[in-house]
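Just so it is clear, the values below take in all heavy atoms, side chains as well, and ignore hydrogens, waters and symmetry mates.
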There are 2 protein chains.
Amino acid sequence: MESSDVLALDNQVCFALYAANRAVTARYRPLLAELGLTYPQYLVMLVLWEGADGGQVRVTDIGERLRLDSGTLTPLLKRLEQGGLVERRRSTEDERSVIVTLTEKGQTLQNQARQIPARLLCDSGVEPEKIAALRDELRALLSRLEDA
Amino acid sequence: MESSDVLALDNQVCFALYAANRAVTARYRPLLAELGLTYPQYLVMLVLWEGADGGQVRVTDIGERLRLDSGTLTPLLKRLEQGGLVERRRSTEDERSVIVTLTEKGQTLQNQARQIPARLLCDSGVEPEKIAALRDELRALLSRLEDA
DNA sequence: ACCAATTATATTGTGCACAACTTATTATCA
DNA sequence: TGATAATAAGTTGTGCACAATATAATTGGT
């Protein structure tokens, strides 16, 4: 029967993941546009707002957190810098590293961003418990894939 | 407490989705490279291999299935055409539409592709039932987002 | 101290995604 | 029928992702 075909689109987790990811991102887009951010830029800001390492965050640290490399992050961070949200400077103790710090404007933006998760949940009308369960399953999948 | 912060990266479903999607795609990449396909190209081939509409598949049909627009599909299909996997021609009954059909080479590729889902599951070592459950939850989320 | 290996970021090139716009064709209805 | 709207692809421009490579700085072993 058709529905058991290993190549049927609707049987693929990969496609469900791909489509759901783009649908969620599309939901974020108008809300983030109000802050002048794209979705990946928002993720970088989340890392910076967590303020680990006392603000001494290297490009590599962001990359490890988000699983992104310098080829993605360098131009993204330059755009955030142009928008006045972050500053980039070479570390004095290790000239190979670039330290990314929030500007005043970048810090202030966090207050506006706090409303986003709630607005998104409200818009989509999905139960918070289901969302949390899904999140945990996805994280489990991710660590499985990263370990193997 | 930190773990309840609405902006904490690890609390975001969106990030779990984003990271898991890229991790899964990364798993596909080397397998698909053997077929000369990228991941989105593979999804288009899945649609064509399903052979709906008796091979009379328009660009719009592919777009509806994959939730992609012509701005993404047109160049992608041109690359598939250059690779000799598909043909593109204007519909005779509606000159606005472009009909995409599989070439002999494109059809043959399906046989090589059939092994991919099994190899992927094997590599990642995740239980098939869990995968199926996750897929269904993601699809439910997707239809929620598309309806609202 | 010197050299090889490692590390951190940047650059280049390809291929998506998606918004905004254009062009061509078909459908609608006054 | 003739203007107008709707539809289907294509084009252009921006911003990711990621592979491959380059450059510069640091580290480790001798």
Side-chain angles (χ1 to χ4, degrees), chain A residues 14-15 17-30 32-33 36-45 53 56-64 66-83 85-86 88-100, chain B residues 14-15 17-30 32-33 36-45 56-64 66-83 86 88-100:
Chain A
C14 67
F15 175 62
L17 206 47
Y18 170 81
N21 180 49
R22 285 191 299 118
V24 168
T25 307
R27 284 285 176 156
Y28 272 91
R29 201 169 293 120
L32 294 177
L37 293 175
T38 66
Y39 180 70
Q41 287 169 9
Y42 172 66
L43 293 179
V44 168
M45 293 304 285
D53 310 293
Q56 289 296 91
V57 183
R58 295 171 304 162
V59 175
T60 306
D61 299 325
I62 301 172
E64 279 177 7
L66 301 180
R67 280 83 172 175
L68 292 172
D69 67 6
S70 67
T72 301
L73 288 173
T74 297
L76 188 156
L77 289 166
K78 283 183 179 174
R79 284 185 282 271
L80 287 180
E81 189 177 37
Q82 276 212 309
L85 298 176
V86 305
R88 297 175 337 118
R89 60 166 207 284
R90 288 277 161 190
S91 168
T92 47
E93 65 249 29
D94 186 343
E95 290 278 346
R96 293 173 303 178
S97 300
V98 166
I99 305 294
V100 181
Chain B
C14 68
F15 175 62
L17 206 48
Y18 169 81
N21 179 50
R22 285 192 299 117
V24 168
T25 307
R27 284 284 177 157
Y28 272 91
R29 201 170 294 119
L32 293 177
L37 293 175
T38 66
Y39 180 70
Q41 288 168 9
Y42 172 67
L43 293 179
V44 168
M45 294 303 286
Q56 289 296 92
V57 183
R58 296 171 304 162
V59 175
T60 306
D61 299 326
I62 301 172
E64 279 177 6
L66 301 180
R67 281 82 171 174
L68 292 172
D69 67 5
S70 67
T72 300
L73 288 173
T74 296
L76 187 155
L77 289 167
K78 283 183 179 173
R79 283 185 283 269
L80 287 180
E81 189 177 36
Q82 276 212 309
V86 306
R88 298 174 335 116
R89 60 167 208 282
R90 287 278 162 189
S91 168
T92 47
E93 66 250 28
D94 186 343
E95 290 277 349
R96 292 173 303 181
S97 300
V98 166
I99 306 294
V100 181

Subject >> Straight-line distance of B:S97 OG to B:R58 CZ, nearest 0.5 Å >> reply: 5.0 Å

**OP:** Heavy atoms under 4.0 Å is the rule here; annotate nucleotides 14-21 of chain D 5' to 3' with B where the base is hit, S where only the sugar-phosphate is, and - elsewhere.
**Re:** -SSBBS--

**OP:** Quickly work out the B:R96 CZ to D:dT7 C1' distance and round it to whole Å.
**Re:** 5 Å

Original post:
Ignoring hydrogens and geometry, is there a side-chain-to-backbone donor-acceptor pair from B:R89 to B:I99 under 3.5 Å?
Top reply: no

Subject >> Euclidean distance, atom NZ of residue A:K78 to atom C1' of C:dA10 [Å, nearest integer] >> reply: 7 Å

Original post:
Should the ring pair B:Y28 and B:Y39 be called parallel, tilted or perpendicular, given that the plane angle runs from 0 to 90° and is split at 30 and 60?
Top reply: tilted

Subject >> Nucleotide of D:dA24, C:dA10, D:dA8 approaching A:T74 most closely (side-chain heavy atoms) >> reply: C:dA10

Original post:
Quick one: B:L77 CG to D:dG10 P, roughly how many Å, whole number?
Top reply: 8 Å

**OP:** Without swapping roles, check the side chain of A:R22 against the backbone of B:R67 for a donor-acceptor pair under 3.5 Å.
**Re:** yes

Original post:
Separation of A:E93 atom CD from D:dT26 atom C1', in whole Å?
Top reply: 13 Å

Original post:
For the side chain of A:S70 and the backbone of A:L73, is there at least one donor-acceptor N/O pair under 3.5 Å apart?
Top reply: no

Original post:
D:dG10 phosphate, OP1 or OP2: any side-chain N/O from B:R88 under 4.0 angstrom?
Top reply: yes

Original post:
Taking atom P of D:dA8 as reference, at what distance in whole Å does atom CZ of B:R58 sit?
Top reply: 5 Å

Original post:
Would you call A:R88-A:E81 a salt bridge at under 4.0 Å N-O?
Top reply: yes

Original post:
Between atom CZ in B:R90 and atom C1' in C:dT26, what is the gap in whole Å?
Top reply: 13 Å

